[in-house]
Every structure is written in C-alpha cells, then in structure tokens.
Number of protein chains: 2
Amino acid sequence: MKPKISDVAKVAGVSPTTVSRVLNNRGYIGEETRKKVHEAMKQLNYFPNDVARSLFIKKTFLIGVIFPTTTNPFYGQLIFHIENIAASLGYKVLLCNSQGQEDKERSYLRMLQRNQVDGIIAGAHNRGVKEYDIPNLPVVGVDRYLSENIPVVSSDNYDGGRQATQLLINKGCRNIIHINGPSYLETPANLRRKAYEDVMKDNQLNPVTYETEGDNQAVIKQLFDEIPLVDGIFASDDLIASAVIREAKLRGRNIPADFKVIGYDGTETTRLLLPELSTIQQPIREIAEKTIEILIKEINEEGDDSQMETILPVRLIESETT
Amino acid sequence: MKPKISDVAKVAGVSPTTVSRVLNNRGYIGEETRKKVHEAMKQLNYFPNDVARSLFIKKTFLIGVIFPTTTNPFYGQLIFHIENIAASLGYKVLLCNSQGQEDKERSYLRMLQRNQVDGIIAGAHNRGVKEYDIPNLPVVGVDRYLSENIPVVSSDNYDGGRQATQLLINKGCRNIIHINGPSYLETPANLRRKAYEDVMKDNQLNPVTYETEGDNQAVIKQLFDEIPLVDGIFASDDLIASAVIREAKLRGRNIPADFKVIGYDGTETTRLLLPELSTIQQPIREIAEKTIEILIKEINEEGDDSQMETILPVRLIESETT
DNA sequence: TTTCATATGTCAACCGGTTGACATATATTT
DNA sequence: AAATATATGTCAACCGGTTGACATATGAAA
C-alpha cells in the first residue's frame with residue numbers, strides 16, 4: 001500500500017501537520033524535525049500525491065499540447081522544445097496528437113478540461129472547431145488562428161514567403177509554382193502564399209498555387225504534368241519540398257541547373273537528412289519559448305494584455321537546390 | 001467560477017447524488033431525469049473533475065512516457081503511436097524528454113510518481129538509473145533493459161543486424177564497418193553489433209565497430225580517415241547513415257558502386273526525406289501496440305506472467321545506397 | 001518579570017466527486 | 001395483498017493533502 005502523510009508522520013514521530021509543514025516549508029520547523037521527516041520519506045519511498053494537492057490548490061501544473069502528430073519533423077521539434085521549457089518551469093505536458101481530425105481534437109479538448117489543465121497550446125486543425133474559447137482557460141495558438149481572443153505565435157510567414165520567392169526569381173526562375181496546404185485552414189502560413197503572389201506580381205510573373213491535403217505525391221505529379229516547363233517550386237513545407245525533389249529527379253530534371261526547389265521549416269531532422277535542400281528556417285525554439293511565456297503569463301493572470309500575435313523572424317538557408 | 005456537481009444538481013432540479021448516478025450510469029435513473037441532467041451540464045458547460053475522481057478511485061489513467069526527444073524521427077514516430085493507442089483506450093500521455101540526461105530522467109521519474117501515473121513507458125538512458133524498479137508501478141521498456149523485473153519490447157535487433165551485414169557482403173563489400181551508439185547502454189540494439197560481428201566472422205571478415213555519442217560527424221570523419229578503404233557501412237541508426245552518405249559524397253565516393261550504406265529504423269520521415277537509403281525498418285507501430293498491451297495488462301494486474309522480452313520482426317528495405 | 005519567538009500538536013473544514021446505507025414513494029409483478 | 005422493482009433523496013464517510021485557528025511548552029529578548 002502506498003505510503004501517505006500519516007505514515008510518514010508515524011515513522012518520523014511527528015504529527016501529519018508537521019509533515020505537511022516540512023513538505024511546504026511553512027510555519028516554524030526545527031532542523032532535527034525536518035531531518036527526521038526527510039529520512040522517514042526516504043525510508044518509506046514516500047512521494048506527495050500531487051492529485052490530492054491539486055484538488056485543494058486548484059492548480060494542476062498541467063499543460064495540454066495539441067498538434068497533429070509528433071511524427072512530423074516540425075511538430076516533433078516544436079513539441080520537444082515546448083515540453084523542455086515547460087518542464088524547466090515545473091509544468092507537465094499532456095500530449096495530444098489530433099491527426100488533423102476534428103472529432104479527435106474535440107475529444108482532446110474535453111479530456112483536457114476534465115483533467116483541469118492550467119492551459120493549452122494548440123497548433124492543430126481548426127476549421128469547424130469552435131471549442132477553443134473556453135472561459136477562464138488560457139490557450140495559445142501556434143501557427144493557427146483559433147479565436148479572436150486567443151494569442152497566436154508564428155514565424156514571419158510573409159517575410160519567409162517573400163524571401164523564398166525572391167530567391168527563386170533572383171536565380172533566374174520564371175515559371176515558379178507554390179505548393180501549400182489547404183487554404184481553408186486559418187493559419188498564418190497562408191501568408192507564405194500571399195507573399196509568393198505579391199512578389200510574383202511585382203515581378204510581372206504569373207503566380208500559380210497548388211494545394212495539398214494528405215497525398216502530396218499525387219498533387220506534385222499533377223503539377224509536373226500540367227506545367228512541364230516549371231523551373232522553380234516554393235514548397236511551404238520541407239516534406240513537400242523533398243517529394244518535389246524526388247519527382248523532379250524522376251523526370252530527369254537537373255537540380256539546381258534546370259530546376260530549383262526551396263522549402264520551409266528547416267528543422268534539425270531535415271537539415272540532417274536532406275542538407276542540400278534550400279529552405280526558410282523557422283525559429284522553432286524561439287516559437288516554443290514565446291508560446292510558453294505568453295501561456296504562463298495568462299495562467300498567472302499577469303498578461304490579459306498579451307499581444308495577440310507574435311511574429312518571429314525566419315532565416316533563409318541557401319543550399320544546393322537553388 | 002467553474003461549475004461543480006452541486007451546481008448541475010441545482011439547475012437540473014435533482015440531488016447531487018442523482019447527478020453522480022447519471023455521470024456514472026449507476027443505480028436506477030429515469031429517462032426524464034437523465035435528460036434534465038445532461039441539459040444542465042450542457043447549459044453550465046460542466047466537465048467532471050477527473051482530479052477529484054482520480055483521488056477517490058485511485059486511478060489517474062495517466063501514462064508517463066520517457067524518451068530522449070521527440071525531435072528524433074524514430075522516437076517521434078514511436079511516441080505518436082504510443083499516444084494514439086493510449087488515447088484510444090482512454091489513457092492520457094505525460095510526455096517527458098530526458099535528452100539522455102540521468103538527472104532529468106530521475107527528475108521525471110519522481111514527477112511521475114507524484115502524479116500517480118498508472119504506468120510508465122521508458123526508452124531513455126538507463127546507465128546508472130536504478131529508480132525504474134518502483135513497487136506497484138508497472139513499467140515497460142522499449143529498446144532498453146531497465147531492470148530484471150521490467151518487460152522489454154524491441155525489434156529483432158539481431159536479425160536486423162544480420163540482414164544488414166549479410167546484404168553488404170552479398171553486394172561485394174569486404175571492408176565493412178559498423179557504427180553504433182555507446183555500448184555501455186544496456187539496450188537490445190547492442191545485438192545489432194553482435195550480429196554484425198558474428199556474420200563478419202562467419203564470412204572470414206574482420207569486424208570493426210565505431211561508437212558514437214553525440215557528435216556523429218567527428219566519428220564518421222575519423223572512420224574514413226583511419227580506414228580509407230572502407231567499402232560498406234552498417235549504421236545502427238538512419239541519422240548516422242545519412243551523415244555517412246554525406247561524408248562519403250564529400251570524399252568523392254560513388255554510392256553504391258564504390259561504397260554502400262545501410263541504416264536502421266526506416267521511419268516515415270526518413271523514407272520521405274532520404275528514400276534512397278537502404279535500411280532495416282523497425283515495426284514502430286507494432287512496438288507501440290505491444291508496449292501498450294503489456295503495460296495495460298500489468299496496470300490491470302492481469303499479466304504478472306507477461307513475457308519479459310518481446311522481439312518483433314524487422315524488414316529489410318533495399319534502396320539505392322546498396 | 002513580561003513579552004515575544006520558536007516549535008509542535010490537535011482539530012476540523014475544505015478541495016470535488018464517489019458511493020453505500022437507508023429512507024420514502026410509486027409502479028409492477030407474483 | 002404481498003413482494004419486488006423502479007426512482008430519487010438524505011447523509012456521511014472517504015480519497016490525500018492543505019491550512020487556519022488555537023493550544024501548550026520552551027527559550028530568548030526586552
């Protein structure tokens with residue numbers, strides 16, 4: 001049977017109130033008493049029950065984290081940083097992989113509310129999910145506009161899209177296509193497309209965007225089929241970019257002489273597995289830091305005036321595909 | 001103020017005990033009453049407090065999951081599957097990225113005990129960490145021998161090592177080097193090295209193993225410097241394999257004509273970003289399924305006789321680097 | 001000597017929910 | 001008519017820990 005405070009008190013020869021005083025460093029405590037209590041806890045392998053404690057203090061130090069999947073290099077790295085920073089501040093992360101499914105997202109939101117989490121960080125599917133506006137529960141979005149009242153942290157998607165497109169133009173591309181996710185997602189990443197379109201028009205070039213959702217391969221093949229003279233592709237995601245590289249090679253295109261590719265994200269994993277890919281690198285650790293900072297402020301009710309949108313600078317990494 | 005059972009009772013015009021009966025579908029309940037209670041819960045946006053409930057039922061449905069990092073493609077994918085399966089069974093995942101640091105690992109173990117998790121899945125650093133043997137707390141290791149009393153799930157590392165080495169030999173390699181992690185880690189992955197050594201000796205070839213820890217790049221450069229005639233490398237990890245490919249190309253080696261590489265893991269991400277890499281693919285989803293199955297059995301005290309070691313078959317994926 | 005500080009104990013209420021025992025009333029079945 | 005089932009309410013103890021109020025005793029400072 002798991003030891004509780006009364007068992008520690010018995011072994012230490014003090015009262016349960018005194019054990020609680022030692023645990024919380026509250027009230028007067030003699031050094032000898034403190035020592036005896038710690039020894040008793042060690043002897044019994046006693047751990048305070050945070051469940052009971054949370055019930056009383058009405059705080060769980062839990063943060064719900066909802067993203068599509070840890071399998072994706074960007075999310076995997078982002079979630080790593082979020083958890084790491086949260087842990088360093090004494091918070092615990094409840095992981096939720098929504099896989100872009102609205103019903104799973106809702107299910108997770110209900111679960112997080114039942115579990116009395118102190119806050120939520122979400123960067124999942126959002127179309128149709130209105131449940132993020134929860135009274136008295138701080139939520140911060142990453143790369144997602146979840147609600148008018150919820151702060152958002154993202155990279156400078158517009159600048160990233162601008163730099164990517166400009167690079168391709170500067171390198172001589174004229175038939176430049178953009179590949180992005182579905183535009184119905186309310187995400188700052190749509191600014192990548194906006195920037196691409198603006199820069200193309202500024203250069204008297206015709207902007208064309210392909211949207212993917214799920215099967216990148218099919219969309220990429222269709223793109224090459226429909227626009228065989230494409231000479232540059234700005235993919236809004238490194239995984240899409242890598243599929244583009246493969247398809248281009250299959251069709252005998254010479255990268256970068258005859259055909260150039262640039263992606264977006266620049267994660268650790270991508271840099272390791274596909275270092276030749278030019279990309280717009282997101283400041284993932286900074287995004288995580290800022291997200292946690294804003295969330296903790298809201299949890300502590302210190303920042304109702306948090307800036308609603310935080311945009312962090314990206315970095316162009318030019319490699320061998322441009 | 002967050003609504004509780006007594007508030008729901010008031011709005012529904014019933015007693016708190018009746019609300020609890022409805023929540024738990026226990027005892028006699030009239031349909032009209034059930035309807036009124038559900039409407040009241042909806043009107044108040046009431047969510048049962050699982051913290052309070054857990055205190056009473058002495059079960060949290062929390063599973064602690066400790067791995068080095070979600071950034072790594074293998075761990076990212078494994079954690080995704082673990083969370084997905086756990087969630088489908090009504091369990092919640094507390095994520096812990098230990099980054100291979102013993103003190104963080106111990107800190108997480110303490111946190112998980114304080115949070116009364118129902119079980120732990122661990123695949124982190126283990127040297128020197130003896131705290132996994134926790135009385136009455138089910139733990140399952142993935143690719144780690146954590147204790148004599150803790151079940152382990154892994155892929156068939158020996159067969160994987162055997163197939164990888166045999167493939168290189170069958171393809172004509174004679175100067176085959178193996179790169180693995182530090183051998184002091186008590187992990188089934190050491191069997192990859194054992195298999196490599198056995199197969200090399202069986203073919204009258206000289207086995208040589210390089211160990212990495214942290215800086216793969218330096219070790220790989222050293223390897224090429226010290227053994228310039230190396231014609232095949234079996235890397236026990238796809239990230240290491242990709243670094244090998246890069247270094248080989250930098251040194252003008254022709255892959256696979258002049259130099260062959262095979263890795264291990266075969267994750268989704270690696271298959272997308274480096275599809276040309278030959279690899280031994282681990283059954284990651286099956287590992288997750290088996291791990292959860294064993295853990296849930298131990299949590300429910302149904303399987304004290306769980307098999308202590310579960311070995312799942314790997315699959316050779318031959319691509320362009322061999 | 002008086003006042004204040006230190007140290008520890010007792011007691012009980014609370015955090016939100018669960019649940020068993022028992023009560024009362026009504027309806028159905030034997 | 002009697003027994004059983006259905007439906008809901010009251011009450012209180014419990015889950016483990018927190019904490020305030022108050023008590024008692026001892027030691028130190030004014």
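Chain naming here is simple, since letters A, B, ... match the order of the sequence lines and numbering starts at 1 in each.
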Visitor: For DNA chain C, which residues in residues 35-44 of chain A have a heavy atom at a distance below 4.0 Å?
Guide: none
Visitor: Residues in side chain to side chain contact (heavy atoms under 4.5 Å, CB included) with A:Lys10, at least two apart?
Guide: none
Visitor: Looking at residues at least two apart in the chain, or sitting in another chain, which of them share a side chain to side chain contact (heavy atoms under 4.5 Å, CB included) with A:Ser15?
Guide: A:Thr17, A:Thr18
Visitor: Check for a donor-acceptor pair, side chain of B:Asn72 on one end and backbone N or O of B:Phe74 on the other, with a separation under 3.5 Å.
Guide: yes
Visitor: Between the protein and nucleotides 11-17 of chain C, list every N/O to N/O distance that falls short of 3.5 Å.
Guide:
{"from": "C:dC11", "atom 1": "N4", "to": "A:Thr17", "atom 2": "OG1", "distance (Å)": "3.2"}
{"from": "C:dC15", "atom 1": "O3'", "to": "A:Lys58", "atom 2": "NZ", "distance (Å)": "3.3"}
{"from": "C:dG16", "atom 1": "OP1", "to": "A:Lys58", "atom 2": "NZ", "distance (Å)": "2.5"}
{"from": "C:dG16", "atom 1": "OP2", "to": "B:Lys4", "atom 2": "NZ", "distance (Å)": "3.3"}
{"from": "C:dG16", "atom 1": "N2", "to": "B:Ala52", "atom 2": "O", "distance (Å)": "3.1"}
{"from": "C:dG17", "atom 1": "OP1", "to": "B:Tyr46", "atom 2": "OH", "distance (Å)": "2.6"}
{"from": "C:dG17", "atom 1": "OP1", "to": "B:Asn49", "atom 2": "N", "distance (Å)": "3.2"}
{"from": "C:dG17", "atom 1": "OP2", "to": "B:Ile5", "atom 2": "N", "distance (Å)": "2.8"}

Visitor: Mind listing the N/O atom pairs, protein and nucleotides 27-30 of chain D, below 3.5 Å?
Guide:
none

Visitor: Answer yes or no: is there a donor N or O on one side and an acceptor on the other, between the side chain of B:Ser155 and the main chain of B:Pro283, under 3.5 Å?
Guide: no
Visitor: Please identify each residue that fulfils ring-ring contact (aromatic ring centres under 6.0 Å, His included) with A:Tyr108, with sequence neighbours left out.
Guide: none
Visitor: Tabulate protein N/O versus nucleotide N/O from nucleotides 28-30 of chain C, keeping only pairs under 3.5 Å, one per line.
Guide:
none

Visitor: At under 4.0 Å, does any side-chain N or O of A:Arg26 touch on OP1 or OP2 of D:dG20?
Guide: yes
Visitor: Without swapping roles, check the side chain of B:Asn115 against the backbone of B:Met111 for a donor-acceptor pair under 3.5 Å.
Guide: yes
Visitor: Using residues 34-42 of chain A as the side-chain source, report each donor-acceptor pair under 3.5 Å to any protein atom, sequence neighbours left out, with the distance given to one decimal.
Guide:
{"from": "A:Arg34", "atom 1": "NE", "to": "A:Glu31", "atom 2": "OE2", "distance (Å)": "3.4"}
{"from": "A:Arg34", "atom 1": "NH1", "to": "A:Asn25", "atom 2": "OD1", "distance (Å)": "3.1"}
{"from": "A:Arg34", "atom 1": "NH2", "to": "A:Asn25", "atom 2": "OD1", "distance (Å)": "3.4"}

Visitor: A:Arg21 CZ to D:dT18 C1': how many Å, rounded?
Guide: 11 Å
Visitor: Restricting to ring-ring contact (aromatic ring centres under 6.0 Å, His included), what partner residues turn up for B:Phe47, sequence neighbours left out?
Guide: none
Visitor: For B:Thr60, check side chain to side chain contact (heavy atoms under 4.5 Å, CB included) against everything at least two apart and list the hits.
Guide: A:Val51, B:Ser54, B:Leu62, B:Gln116, B:Asp118
Visitor: For D:dA7 and B:Tyr28 - does any side-chain N or O of the residue sit under 4.0 Å from the phosphate oxygens OP1/OP2?
Guide: no
Visitor: Answer yes or no: is there a side-chain heavy-atom contact under 4.5 Å between A:Phe67 and A:Val142?
Guide: yes
Visitor: Going from CZ on A:Phe61 to CG on A:Leu89, what distance comes out if it is rounded to the nearest 0.5 angstrom?
Guide: 10.5 Å
Visitor: Could you list the residues that satisfy side chain to side chain contact (heavy atoms under 4.5 Å, CB included) with B:Thr310, not counting sequence neighbours?
Guide: B:Val153, B:Lys290, B:Ile294, B:Gln307, B:Leu312
Visitor: Is there any side-chain hydrogen bond (donor to acceptor under 3.5 Å, both in side chains) pair reaching into residues 136-146 of chain B, and which pairs are they, with sequence neighbours excluded?
Guide: B:Tyr145-B:Glu309
Visitor: Need one value for A:Thr18: base, sugar-phosphate or nothing, where a base atom within 4.0 Å counts as base even if backbone is also close, heavy atoms only.
Guide: sugar-phosphate
